[in-house]
Amino acid sequence: MKKNPVYGYAALFAAIALLPLLGAYPIFVMKVLCYALFACAFNLLIGFTGLLSFGHAAFLGTAGYAAGHALKVWGFPPLLGLAFGGLAAAGVGLVFGLLAIKRSGIYFSMITLALSQMLFFFFLQAKFTGGEDGLQSVPRGQVLGIDMGNDLTLYYVVLAVFIAAFWLIYRTVNSPFGQVLTSIRENEPRAISLGYDVDRFKLLAFVLSAGLAGLAGAMKTWVLGFATLTDAVWTTSGAVILMTLVGGMGTLVGPIVGALVIIALENKIGDFGQALAGLTGVQWFNGLGESVSLVTGLIFIVCVLAFRRGLVGEAAALWERWGANRRGA
């Protein structure tokens, strides 16, 4: 009998809820959750629809600036500011999708990259973004009368928003709409022959992915208190691709694992290098913190060569083989 995966997800989120109580730094975990949602949104597009976007950072950056401006200048309540950021990103996603969805393969990817770079240069010159200085001092405000200035309180609100977004992705993937998206990924000509308006389904998936990526960007700005051009630059689009591939494309939990691995490397690799230098006496390891791109590149190569299904995908395949062998025995 097939087990219900919901119980596994519930156990995962219960463990995440306990992390601050076990000594984890709440701001770091919240940053991981924001990028995990970003990766889950991207995975909805590439893993379940088969569309590779090189411009997803545009949605993260758009929502970050939109939510930050709404919270700081217009005085929006936090949850309304997050929703505004997500809707702004979805609107940009609709424009991008209408321009790019008629193309496929590398042409689709390059159009999204070009549009994303155009938006990046707009953010660079616009006054409301603060240019190279970024949008600073975004207030956390209150949610239901509770002050979000406390990191632990904010942590559980962010976790609740993440769980709600993850549930939406789960329901989408396991709905008839999600099944059509999977059929488009597997065999688009056959989906067309069955009478589905493939371009409309692709556009809906693109807009939904953009909106969820925007929610991640808005939440990141709310947590950290600032939005910068880093959120909208093309390297951030590359980072979310790496997160999805490392964790496991086409799996629901994979992007979460991938985001944890990449963000942990970016933030903790310097400490790891110093520990290695102390153990081995090789002083080169002390400079490992300045070589994050090198390390992430090596991880990408290893995943492509040895873990083509990502960490979660390979673990799931190994578990299935073990279960099959057990039943055979």
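The chain is numbered in sequence order, starting from 1.
Taken to the nearest 0.5 Å, the CG atom of Leu51 stands 4.5 Å off from the CZ atom of Phe108. The OG1 atom of Thr62 lies 12.5 Å from the CG atom of Leu87; values are rounded to the nearest 0.5 Å. Residue Ile256 holds its CD1 atom at 8.0 Å from CG of Leu33, rounded to the nearest 0.5 Å.
Note on Lys202 versus Glu188: salt bridge recorded, some NZ/NE/NH1/NH2 to OD/OE distance being below 4.0 Å.
Checked against the 6.0 Å centroid threshold, Phe59 and Phe42 do not count as a close aromatic pair.
In plain terms, the two heavy atoms of Thr236 and Thr230 that are nearest each other are OG1-O, 2.5 Å. Closest of all the heavy-atom pairs between Asp151 and Met30 is O-CE, 3.9 Å. Smallest separation of non-hydrogen atoms from Arg140 and Gly149: NH1-O, 3.3 Å. Between Cys34 and Val223, the closest heavy-atom pair is SG-CG2, 4.5 Å. Looking at every heavy atom in both residues, Ala165 comes nearest to Leu215 through CB-CD2, 4.1 Å. Nearest heavy atom pair, residue Ile169 against residue Ala41, reads CD1-N, 4.2 Å.
Ring geometry for Tyr170 versus Tyr9: interplanar angle over 60°, hence perpendicular rather than tilted (30 to 60°). A tilted orientation is assigned to the rings of Tyr65 and Phe123, their planes being inclined by 30° to 60°.
In this structure the side chain of Pro139 reaches within 4.5 angstrom of the side chain of Lys72, judged on heavy atoms. Counting heavy atoms from C-beta outward, Leu208 and Leu204 have side chains that stay 4.5 Å or more apart. When side chains are defined from C-beta on, Asn43 counts as touching Phe48, because their heavy atoms get closer than 4.5 Å. The shortest side-chain heavy-atom distance between Ile262 and Glu266 falls under the 4.5 Å cut-off. For the pair Leu45/Phe206, a side-chain contact is recorded, criterion being any heavy-atom separation below 4.5 Å from C-beta on.
Counting only distance, with no hydrogens or angles, the side chain of Ser183 and the backbone of Val180 share a donor-acceptor pair below 3.5 Å.
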